[in-house]
There are 2 protein chains.
Amino acid sequence: MTIATTAAEKQLDLAALRNVPGFVIRLIQLKFFDGFYETFAELGLTPATYAILMLVRDNPGVVPSSIAALLRLQLPNLTKILHQLEDAGLVKRSRSKIDRRAIEITLTSKGEKLMRDAVRLTAPYNRRMLAPLNETERSTLIGLLNRICPF
Amino acid sequence: MTIATTAAEKQLDLAALRNVPGFVIRLIQLKFFDGFYETFAELGLTPATYAILMLVRDNPGVVPSSIAALLRLQLPNLTKILHQLEDAGLVKRSRSKIDRRAIEITLTSKGEKLMRDAVRLTAPYNRRMLAPLNETERSTLIGLLNRICPF
DNA sequence: TATTGTTATACTCTATAACTATA
DNA sequence: TATAGTTATAGAGTATAACAATA
């Protein structure tokens, strides 16, 4: 006989952990990541590149240090990703004329097209992840999450 | 002059990303992890070991495959952690008499004491992470999160 | 034949230190 | 002297394959 591996089968007591938001949020985040790859893998996007490209789309000329601070990435790690995105022809890096240490990041037309495709997949993805909630509850959740989001 | 690195300083447009719950949840999760280490590092706990030990506390005799399935850990990775917890004297591993392939995990008295200490820190930690919300909003958020949590 | 747990290993993500060029 | 970005590297977390013991 197989040992049951789901909470329901095993009748595990999860009451304590369910009241630890950090634990619940971690499981939800894993669910969102799994769902993200199911939805966006066909575009070659990861959660990190999606966020970076969307940030660049809405803030053309943004510099790596700003991107890193907002997305909580270390600059060395972001540098590598930006070079990959440049190699893929999705972003352009150009020296700032104001501060020649800084690199201004913008989307290429290929990058813009990719993000248009990504945007089309975003609403269905969000709906699928929040499927257990009705429209009002989704809005409430998004509002509360933004209140505790660190920016 | 220093290039501003916070969203507020740079006046970055984040409207699109704020409406992507997966993105907001990722940032919140990083905040919870940072806060967790600030609070629980003195006890030597990580988010993973906290969850494992709490699960074992409430479900003595639970087997590794059940823990792994619930916490979304791969069994080989959990095996290593469980051996570390055993070496630290926090859990006991004993062969199941029903299925001699299975290992039943229980807390030692040292493990029980550690989790009593951890529980004392949990409520203040949760309150600190949810500080921007009032009591009603915290309950609403926890309820909604549990609705979309995958178990 | 399938499952539990283990070992070994590889891969990704993240973090840190040292360097350059610019300010 | 400090900052932006880069390079190299190390560490943690996660994933996969092969195996022994048991069902």
Side-chain angles (χ1 to χ4, degrees), chain A residues 1-6 9-10 26-27 29-31 33-34 36-37 41 44-52 56 61-87 91-105, chain B residues 1-6 9-10 26-27 29-31 33-34 36-37 41 44-52 56 61-87 91-105:
Chain A
M1 194 186 101
T2 305
I3 290 184
T5 49
T6 68
E9 287 177 84
K10 291 293 292 189
R26 175 175 162 270
L27 289 184
Q29 210 232 335
L30 293 175
K31 167 184 165 173
F33 266 42
D34 288 346
F36 184 94
Y37 283 107
L45 287 170
T46 66
T49 55
Y50 177 98
I52 292 167
V56 173
V62 64
V63 296
S65 52
S66 295
I67 300 174
L70 180 63
L71 302 187
R72 302 295 192 269
L73 299 170
Q74 298 300 315
L75 204 41
N77 302 324
L78 176 61
T79 293
K80 187 185 289 186
I81 298 174
L82 286 175
H83 279 119
Q84 292 168 349
L85 293 176
E86 186 182 33
D87 292 344
V91 302
K92 194 175 60 156
R93 298 161 65 259
S94 53
R95 286 276 164 198
S96 166
K97 285 164 186 162
I98 303 167
D99 182 341
R100 287 174 45 73
R101 294 170 302 182
I103 307 267
E104 295 175 347
I105 312 291
Chain B
M1 194 187 98
T2 305
I3 291 183
T5 49
T6 67
E9 286 176 85
K10 292 292 291 189
R26 175 176 163 270
L27 289 184
Q29 210 232 336
L30 293 175
K31 167 184 165 173
F33 265 42
D34 288 346
F36 184 95
Y37 283 107
L45 287 170
T46 68
T49 54
Y50 178 98
I52 292 167
V56 173
V62 63
V63 296
S65 53
S66 294
I67 300 174
L70 179 63
L71 302 186
R72 301 295 191 268
L73 298 171
Q74 298 300 317
L75 205 41
N77 303 324
L78 176 61
T79 294
K80 187 186 289 185
I81 298 173
L82 287 175
H83 279 119
Q84 291 167 350
L85 293 176
E86 185 182 34
D87 292 345
V91 303
K92 195 175 61 154
R93 299 162 63 259
S94 52
R95 285 277 166 198
S96 166
K97 285 164 186 162
I98 303 167
D99 182 341
R100 287 175 43 73
R101 294 170 303 180
I103 307 265
E104 295 175 349
I105 312 290

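Throughout, a chain's letter reflects where its sequence line sits, starting with A, and its residues are numbered from 1.
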Any heavy-atom pair between the side chains of A:Ile105 and A:Ile52 that's under 4.5 Å? no
Would you check if A:Ser94 and A:Ile103 make a side-chain contact, meaning some heavy-atom pair closer than 4.5 Å? no
Considering only C:dT14, D:dT7, C:dT7, which nucleotide approaches the side chain of B:Thr79 most closely? C:dT7
Counting only N and O atoms by type, is there a donor-acceptor contact under 3.5 Å from the side chain of [X] to the main-chain atoms of [Y]?
{"X": "A:Arg95", "Y": "A:Arg100", "answer": "yes"}
{"X": "A:Arg72", "Y": "A:Ala69", "answer": "yes"}
{"X": "A:Ser66", "Y": "A:Val62", "answer": "no"}

Within this structure, what is the [atom1]-to-[atom2] distance between [X] and [N], rounded to whole angstrom?
{"X": "B:Phe36", "N": "D:dA12", "atom1": "CZ", "atom2": "C1'", "answer": "16 Å"}
{"X": "A:Leu73", "N": "C:dT16", "atom1": "CG", "atom2": "P", "answer": "14 Å"}
{"X": "B:Leu82", "N": "C:dT4", "atom1": "CG", "atom2": "P", "answer": "15 Å"}
{"X": "B:Arg72", "N": "D:dA15", "atom1": "CZ", "atom2": "C1'", "answer": "16 Å"}
{"X": "A:Lys97", "N": "C:dA23", "atom1": "NZ", "atom2": "C1'", "answer": "19 Å"}
{"X": "A:Gln29", "N": "D:dG13", "atom1": "CD", "atom2": "P", "answer": "15 Å"}
{"X": "B:Gln84", "N": "D:dG13", "atom1": "CD", "atom2": "P", "answer": "9 Å"}
{"X": "B:Phe33", "N": "C:dT14", "atom1": "CZ", "atom2": "P", "answer": "11 Å"}

Taking OP1 and OP2 of C:dT3, is either one under 4.0 Å from a side-chain nitrogen or oxygen of B:Ser65? no
Taken to the nearest 0.5 Å, the spacing of B:Leu73 CG from B:Lys80 NZ works out to 13.0 Å
Could you pull out the protein-nucleic contacts involving nucleotides 16-22 of chain D (nitrogen or oxygen on both sides, under 3.5 Å)?
from	atom 1	to	atom 2	distance (Å)
D:dT22	OP1	B:Arg100	NH2	3.3

Closest to the 5' end of DNA chain D, once A:Leu30 and A:Leu78 are matched to their nearest nucleotides, is A:Leu78
Nearest-nucleotide wise, let me know which of A:Lys80 and A:Ile103 is further upstream toward the 5' end of DNA chain D. A:Ile103
Please figure out whether A:Tyr37 or A:Ser96 has its closest DNA chain C nucleotide nearer the 5' end. A:Tyr37
Which heavy-atom pair separates A:Leu78 from A:Pro64 by the least distance, and what is that distance? CD2-O, 3.2 Å
